[in-house]
Amino acid sequence: MSERRLISSGSAFEREIGYSRAVVDGDWVHVSGTTGFDYATMTISGDVVEQAEQCWRNIDAALRAAGASPADVVRVRYLLPDAADFEPCFPVLQRWMGEVRPAATMQVCGLSDPRMRIEIEVTARKAGRLGWPR
């Protein structure tokens, strides 16, 4: 029987909407769409690049709570209301995923709060990779 465990960031959104930041199912870790909110202060920068960095910090925390790391990411989805905001984020995305090179999709769509300029969703498989600090 595979392990199924829920990971919470402590965000009020999780309780209000009824979801988990991540779900561990055996070796798989499914991280919900994650925005640039700093969950400790529930604030969000107006800058898309800063939001992208905060998204990855939030994703990193969820993955680590699940016993995984960004090196284990096999799939990433980038969701943005404005396609023009994607290219400025490239250096952040390169820093986090450049060596990992997961399958990726970028989609232009509406997000639930007009302050949100990027949302990132990942799927990871705990593989015990060497070379990425855990």
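Bear in mind that the values here come from a model prediction, so they are computed numbers and not experimental data.
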message = Using side-chain heavy atoms (C-beta onward) and a distance below 4.5 Å, is D72 in contact with R125?
response =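 Of all side-chain heavy-atom pairs linking R125 with D72, none is under 4.5 Å.
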Using modelled atom types only, decide if a donor and an acceptor are shared between the side chain of [X] and the backbone of [Y] within a distance under 3.5 Å.
| X | Y | answer |
| --- | --- | --- |
| S32 | A22 | no |
| Q51 | R115 | yes |
| K126 | A66 | yes |

message = Testing the 3.5 Å rule here: is there a donor-acceptor pair between the side chains of T35 and E119?
response =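 T35 vs E119: no donor-acceptor pair found between side chains.
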key: Between Q54 and N58: side-chain donor-acceptor atoms closer than 3.5 Å   =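 The criterion, which ignores hydrogens and geometry beyond distance, is satisfied for N58 and Q54.
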inquiry  = For L93 and W56: C-alpha separation, side-chain torsions, deciding distance, then whether side chain to side chain contact (heavy atoms under 4.5 Å, CB included) applies.
reply    = CA-CA 8 Å; L93 310 183; W56 278 110; 3.6 Å; yes
ask   = Does the pair E121 and R75 meet the rule for a salt bridge (charged side-chain N to carboxylate O under 4.0 Å, His left out), with working shown?
value = CA-CA 8 Å; E121 174 188 333; R75 181 77 165 118; over 6 Å; no
Are [Y] and [X] connected in a single hydrophobic cluster, I mean Ile/Leu/Val/Met/Phe/Trp/Tyr linked by side-chain heavy atoms less than 4.5 Å apart?
| X | Y | value |
| --- | --- | --- |
| V31 | L6 | no |
| V100 | V29 | yes |
| M116 | I17 | yes |

Identify the two heavy atoms, one from [X] and one from [Y], that lie closest to each other, and give their separation to 0.1 Å.
| X | Y | answer |
| --- | --- | --- |
| A124 | L63 | CB-CD2, 3.8 Å |
| E14 | S8 | OE1-OG, 2.7 Å |
| I44 | G36 | CG1-O, 3.6 Å |
| C109 | L79 | SG-CB, 3.9 Å |
| L111 | P81 | CD1-CD, 3.7 Å |

In Å, rounded to the nearest 0.5 Å, how long is the span from [atom1] of [X] to [atom2] of [Y]?
| X | Y | atom1 | atom2 | result |
| --- | --- | --- | --- | --- |
| Y78 | I120 | OH | CD1 | 6.0 Å |
| C89 | M106 | SG | CE | 10.0 Å |
| D60 | W96 | CG | CH2 | 4.0 Å |

query = So which of L80, V48, V108 actually passes side chain to side chain contact (heavy atoms under 4.5 Å, CB included) with F86?
reply =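 The passing option is L80.
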query = Name the one of R64, E99, R95 that satisfies side chain to side chain contact (heavy atoms under 4.5 Å, CB included) with P70?
reply =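 By the side chain to side chain contact (heavy atoms under 4.5 Å, CB included) criterion, P70 pairs with just one of R64, E99, R95: R64.
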query = Hey, mind stepping through R117 and D85 against salt bridge (charged side-chain N to carboxylate O under 4.0 Å, His left out) and telling me if it holds?
reply = CA-CA 8 Å; R117 296 179 63 190; D85 279 345; 2.9 Å; yes
task = Indicate the ring-plane relationship of W28 and H30, choosing parallel, tilted or perpendicular according to the 30° and 60° boundaries.
result =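 Parallel, since the angle between the ring planes stays under 30°.
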message = Evaluate V92 against V49 for side chain to side chain contact (heavy atoms under 4.5 Å, CB included), listing each step before the verdict.
response = CA-CA 7 Å; V92 172; V49 174; 3.8 Å; yes
ask   = In chain order, what residues pass the side-chain hydrogen bond (donor to acceptor under 3.5 Å, both in side chains) check against R21, with sequence neighbours excluded?
value =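 Residues passing side-chain hydrogen bond (donor to acceptor under 3.5 Å, both in side chains) with R21: Y19, T34, Y39.
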